[in-house]
K.L.:
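A single structure is presented below for examination.
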Number of protein chains: 2
Amino acid sequence: MKNRIEYLKHYLKKYNIKPSTIRIKTLDYLLSNDIHPNVEEIYKKLIEDIPTLSKTSIYNTLELFVEKGLVQIVRIDDKDSKYDLNTDPHGHFICNICDKIYDFDIKDTKNIEKELEGCNIGSKNIYYYGICKKCNENL
Amino acid sequence: MKNRIEYLKHYLKKYNIKPSTIRIKTLDYLLSNDIHPNVEEIYKKLIEDIPTLSKTSIYNTLELFVEKGLVQIVRIDDKDSKYDLNTDPHGHFICNICDKIYDFDIKDTKNIEKELEGCNIGSKNIYYYGICKKCNENL
DNA sequence: CTAAATGCAAACGGTTTGCAATGCT
DNA sequence: AGCATTGCAAACCGTTTGCATTTAG
């Protein structure tokens with residue numbers, strides 16, 4: 001456990017983020033759940049440990065994480081924002097039936113980017129919508 | 001002018017939408033401005049013609065348009081939704097400096113979609129963020 | 001006349017803000 | 001003590017809702 005916390009602190013440090021209880025636990029949550037949580041979900045989980053927790057702190061923490069490049073915002077629907085650990089660039093497939101969000105690799109985007117010559121590409125978001133394998137099989 | 005209106009009515013009919021004043025004028029706006037307007041912008045323009053116009057009607061109209069597949073929602077930032085005439089699939093490049101939104105063709109997405117075998121792809125949204133040509137030149 | 005379309009005002013809900021309280025070094 | 005972090009309550013604002021009014025065939 002001690003090691004885990006040291007690991008999380010080090011992880012934050014890499015992104016130039018000073019560790020704090022909430023930041024460590026938020027990162028822990030993001031690393032332990034390969035999902036794309038929203039503020040509500042993180043809040044519900046963390047308040048089990050930190051009874052005085054406020055949603056504002058989750059917002060603050062995630063805002064900082066985004067700023068420092070540790071996570072990215074995933075805007076899939078208009079309801080709320082989801083947060084995703086920033087790993088290699090990848091796409092998101094959202095199933096219209098079960099609402100699950102799947103990550104998928106983006107091997108080669110050269111074809112797409114042909115049109116963008118002269119532009120300076122900073123980041124990209126690729127969202128696909130449809131019916132996932134599992135739901136397809138149950139139809 | 002008569003011809004224009006007939007054209008717009010016909011356009012709506014193709015999407016199985018019964019024509020009405022607001023629907024015709026909203027479509028007219030979308031066709032005449034190659035931008036990605038939000039509700040506010042459409043409202044501001046149309047109220048010049050229709051003094052009793054309410055924003056609710058714009059929301060209703062656009063909701064119907066989305067439902068019928070005439071427009072698609074573009075979610076670029078968390079502030080509001082933008083609306084885009086549904087033409088061929090295309091990507092959006094958003095300039096971080098001038099905030100302009102550029103459409104660009106998506107020639108070939110086979111490379112990307114390799115990972116999605118077994119899934120049923122319904123639609124795709126491809127957003128690129130960076131610095132556009134024009135702003136690049138002025139740096 | 002009837003159903004659809006429009007308008008108004010209030011509610012909704014995720015997010016932001018300002019500031020007070022708390023914690024850490 | 002002094003500065004960063006956290007928490008609370010209210011504000012914010014784009015959007016939705018319920019219902020009354022108007023329009024069109």
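So you know, we letter chains A, B, ... as the sequences are listed, proteins then strands, and number each from 1. None of these values were measured; they are calculated from a predicted model. What's counted below: heavy atoms across the whole structure, side chains too, no hydrogens, waters or symmetry copies.
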K.L.:
For T52(A), report the nucleic acid contact type (base, sugar-phosphate, nothing); a contact means any heavy atom under 4.0 Å.
P.N.:
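T52(A): backbone/sugar contact only, no base atoms under 4.0 Å.
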K.L.:
Could you label the plane-to-plane angle of the Y102(B) and F93(B) rings as parallel, tilted or perpendicular, counting under 30° as parallel and over 60° as perpendicular?
P.N.:
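Y102(B) vs F93(B) ring planes: tilted.
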K.L.:
Below 3.5 Å, does any donor atom in the side chain of S54(B) face an acceptor in the base of dC8(C), or the other way round?
P.N.:
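Donor-acceptor pair under 3.5 Å: no.
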K.L.:
When you get a sec, tell me which of dG7(C), dT6(C), dT15(C) is the closest nucleotide to the side chain of L53(B)?
P.N.:
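Given the options dG7(C), dT6(C), dT15(C), the side chain of L53(B) is closest to dG7(C).
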K.L.:
Answer yes or no: is there an ion pair linking E48(B) with K45(B), defined by an N-O contact shorter than 4.0 Å?
P.N.:
yes
K.L.:
Using only side-chain N and O atoms of Y59(A), determine if any of them is under 4.0 Å from OP1 or OP2 of dT15(C).
P.N.:
yes
K.L.:
In this structure, how many angstroms lie between the C1' atom of dT15(C) and the CG atom of N60(A), rounded?
P.N.:
11 Å
K.L.:
In this structure, how many angstroms lie between the C1' atom of dT15(C) and the CD1 atom of I73(A), rounded?
P.N.:
11 Å
K.L.:
Between K114(B) and D105(A), does any side-chain N to carboxylate O distance fall below 4.0 Å?
P.N.:
no
K.L.:
Considering every strand and a 4.0 Å limit on heavy-atom distances, what is the contact class for K79(A): base, sugar-phosphate, or nothing?
P.N.:
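Sugar-phosphate contact only - K79(A) comes under 4.0 Å of backbone atoms but never of a base.
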K.L.:
Taking only Lys NZ, Arg NE, NH1 and NH2, and the carboxylate oxygens of Asp or Glu, determine whether K55(B) and E40(B) approach each other closer than 4.0 Å.
P.N.:
yes
K.L.:
Figure out the CG/C1' separation between L62(A) and dT16(C), and round it to whole Å.
P.N.:
14 Å
K.L.:
Quick check on DNA chain C: between T56(B) and P19(B), whose nearest nucleotide comes earlier from the 5' end?
P.N.:
P19(B)
K.L.:
When the distance from CD1 of I50(A) to P of dT22(C) is rounded to whole Å, what number comes out?
P.N.:
17 Å
K.L.:
Earliest and latest nucleotide of DNA chain D, 5' to 3', sitting under 4.0 Å from a non-hydrogen atom of chain B?
P.N.:
dG14(D) to dT17(D)
K.L.:
Would you kindly give the CD-to-P distance between E63(A) and dT15(C), to the nearest whole Å?
P.N.:
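Between P of dT15(C) and CD of E63(A): 12 Å.
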K.L.:
Which word best sums up how the rings of H92(A) and H36(A) line up, parallel for under 30°, tilted for 30 to 60°, or perpendicular for over 60°?
P.N.:
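Answer is perpendicular, since the angle exceeds 60°.
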K.L.:
Nearest whole Å is fine: how far is dA5(C) C1' from I22(B) CD1?
P.N.:
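From I22(B) CD1 to dA5(C) C1': 8 Å.
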K.L.:
Whole Å only: how far is the NZ atom of K25(B) from the P atom of dA5(C)?
P.N.:
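After rounding, the reported distance stands at 18 Å.
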K.L.:
I'd like to know if the side chain of R23(A) reaches the main chain of T61(A), judged simply by a donor and an acceptor atom lying under 3.5 Å from each other, with no hydrogens or angles considered.
P.N.:
no
K.L.:
Find the distance K55(A):NZ to dG13(C):P and express it as a whole number of Å.
P.N.:
11 Å
K.L.:
Taking 4.0 Å as the cut-off, does a side-chain nitrogen or oxygen of S20(B) come that near to OP1 or OP2 on dA4(C)?
P.N.:
no
K.L.:
With a 4.0 Å cut-off, would you call D77(B) and R75(A) a salt bridge?
P.N.:
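Salt bridge flag = no for R75(A) with D77(B).
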K.L.:
Between N38(A) and K18(B), who's closer to the 5' end of DNA chain C by nearest nucleotide?
P.N.:
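Its nearest nucleotide lies further toward 5', so the answer is K18(B).
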